[in-house]
Amino acid sequence: MLKQLLRTKHPLAVNKEAGELELRRTLGPWGLTAIGIGAVIGGGIFVITGTAAAEHAGPAIILSFVLAAICCTFCALCYAEFAAMVPVSGSAYSYTYATLGEGAAWFIGWMLILEYGVSASAVASSWTGYFVSLLDHVGIHLPAALTNAPLDAQLKPTGAVMNLPAVGIVMALTWLCYIGIRESASVNTVMVALKVCLIVLVIFAGWSYVDTSLWTPFIPESPEPGKYGWSGVLRGASMVFFAYIGFEATSVAAQESLNPKRDLPLGMLASLAICTVLYIGMAAVLTGLMSYTQLGTSEPVVTAVASHPQLAWLRWIVEVGALIGLSSVILCMVIGQPRIFMIMANDGLLPPVFSRIHPKYRTPHINTVITGIGIAVLAAIFPLDILGDLTSIGTLISFAAVCAGVWILRIYHPEIPRPFRIPAAPLICFLGVASCLILLSTFGSYNWWLTTIWTTVGFVLYFSYSYRHSKLHREFVAAAALASQTH
């Protein structure tokens, strides 16, 4: 059993097997960059920024974004080397399989469900806040029982029935992903252009009304750990890290890229750089328009804009733009999760139904529907608070594995061609792992308790199904049987 858990798959074998799954190649560098930006700019900037500033970092939320960006830069460089070398749709799962073995690969694949599936649910939950605000703005009021999660962050009943708008947007975007990557990517590119224009508009329009005195003190002090001070800045960084999740979504579309070895690194690094600049600008404007203590709402951008009558004209633009922006994040996550399941099923770790390709649309259609329903159920039941933290934990763990994996491959497989090579690889890989671990250390025991339950469920599934159906296991059993017959 231990041998199988530690058994790795050669990176070139990963490439060969992934090539057996024929998806339609239509994405160039701009399409990949748009997927990265589409996956990144969403719930983090439109929702979590306000909560992190109000409860943890204060005006120093700007520093939190910088720290999270530094961590992501180390990870992006590692992802870029892997994505150019192993351009398949399995993302961190495939990279871990090639370096740390099947057991670790399953663990990372299970964590990626937090990054993509649970992340999409979290963003769908925040989508509802802006949707309800927009409807209220035009005089339409939905019952609270149908726009809130029935459970709170402590998993206690709230009296609500379900988050119906979140379910609706998830299922609509699932249908779009079902019919094809080209259609999905085209819609995503339009949505990305609109939300980037919105953010730039808010930054430039709001800058004239920024009161710099609201940035003093820049790092508020508090005796409570994690609430203001440098510990609050770090806690804020772990929260807004959620805002950066998705830049590596370009690697999930590797098998639909026209030139993955060139375009994947470009798409990842470009999307990360663009989003970082926009985030810092937006954080500075929000904390300069009103006191950070008042930003902890479900729609902080609207709250900040509404505090200045001169910016009232921006409100409906922000609401519509936020809905578009959040929709593009959900879309990118619904694109990404089924493709990771597809690669895991091709390795035998999930049932074959997850690797079926639609004969006309060339998409993992059944897998997409299953994923969409799962995301919709989570979004209907659970609140943003719990989904957001679980997403960040799962993502940080997978990022750390990728950073470690790059250096492991440099040692054990130096002969593999690397179209993109990280400069000063030992240092970058170490800093990537270290920065992920530092951010992970800021999460509370409650979050780790939920993550432990999630991990336990994952390994129960692994040992009850995946262990016996794994391709590597079947090949090992067949080889052992052949050897015994020979003797």
Side-chain angles (χ1 to χ4, degrees), residues 1-11 13-21 82 86 88-119 251-252 254-255 336-357 364-375 377-378 390-391 393-395 397-402 404-405 408 450-481:
M1 180 183 292
L2 182 60
K3 285 184 177 180
Q4 179 168 334
L5 289 173
L6 298 177
R7 192 173 292 129
T8 61
K9 183 181 292 185
H10 195 282
V14 174
N15 275 338
K16 181 177 181 297
E17 291 177 7
E20 298 169 2
L21 300 170
F82 254 134
V86 189
V88 298
S89 296
S91 187
Y93 160 77
S94 294
Y95 310 154
T96 306
Y97 214 148
T99 55
L100 301 177
E102 183 173 287
W106 170 264
F107 172 68
I108 294 302
W110 195 244
M111 288 296 107
L112 286 176
I113 298 176
L114 295 179
E115 179 177 354
Y116 287 93
V118 178
S119 171
S251 67
V252 179
Q255 287 173 252
Q337 184 66 77
R339 283 150 181 82
I340 293 171
F341 282 157
M342 177 185 72
I343 296 296
M344 294 177 73
N346 195 48
D347 289 333
L349 302 187
L350 290 176
V353 67
F354 284 93
S355 62
R356 292 182 186 171
I357 306 297
H365 57 304
I366 299 176
N367 185 356
T368 298
V369 172
I370 294 172
T371 300
I373 292 173
I375 291 171
V377 169
L378 289 175
L390 280 176
T391 298
I393 289 175
T395 306
I397 291 172
S398 64
F399 280 11
V402 169
I408 290 172
L450 292 175
T451 304
T452 301
I453 293 175
W454 175 258
T455 303
T456 302
V457 171
F459 274 105
V460 168
L461 292 176
Y462 174 79
F463 286 111
S464 61
Y465 177 87
S466 307
Y467 177 80
R468 292 178 291 109
H469 293 83
S470 162
K471 267 189 180 181
L472 284 185
H473 178 68
R474 295 200 303 267
E475 290 171 0
F476 175 76
V477 170

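No hydrogens, no waters, no symmetry mates; every other heavy atom, side chains included, goes into these values. For the single chain, residues carry numbers from 1 onward in sequence order.
- Side-chain contact between Asp347 and Glu102 is absent, with no heavy-atom pair separated by less than 4.5 Å.
- Ring-plane geometry between Tyr462 and Trp106 is classed as tilted, the angle between the planes lying from 30 to 60 degrees on a 0 to 90 degree scale.
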**Asked** Given Thr96 and Phe107, is the side-chain contact (heavy atoms from CB on, under 4.5 Å) satisfied, shown in steps?
**Response** CA-CA 9 Å; Thr96 306; Phe107 172 68; over 6 Å; no
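- Rounded to the nearest 0.5 Å, atoms CG (Leu349) and NZ (Lys471) are 10.5 Å apart.
- Annotation for Leu390 and Leu450: closest pair CD2-CB, 3.9 Å, computed over non-hydrogen atoms.
- At distances below 3.5 Å, not a single donor-acceptor pair connects side-chain atoms of Ser470 with backbone N or O atoms of Tyr467.
- A distance of 9.5 Å separates OG1 of Thr368 from CE of Met342, quoted to the nearest 0.5 Å.
- Rounding to the nearest 0.5 Å gives a distance of 10.0 Å between CD1 of Ile357 and CD1 of Ile366.
- Counting all heavy atoms, side chain and backbone alike, Ile108 lies closest to Ala401 at CD1-CB, 3.6 Å.
- Contact between Pro351 and Ala345 at its shortest, heavy atoms only, is O-CB, 3.5 Å.
- Phe354 and Phe341 have perpendicular rings, their planes meeting at more than 60° on a 0 to 90° scale where under 30° would count as parallel.
- Side chains of Trp454 and Ile393 form no contact here, defined as non-hydrogen atoms less than 4.5 Å apart.
- Taking all atoms of both residues into account, the shortest heavy-atom contact from Tyr465 to Pro352 is OH-CD, 3.8 Å.
- The side-chain heavy atoms of Met111 and Thr455, taken from C-beta on, include a pair separated by under 4.5 Å.
- In this structure, the side chains of Asn367 and Arg356 stay at 4.5 Å or more apart for every pair of heavy atoms.
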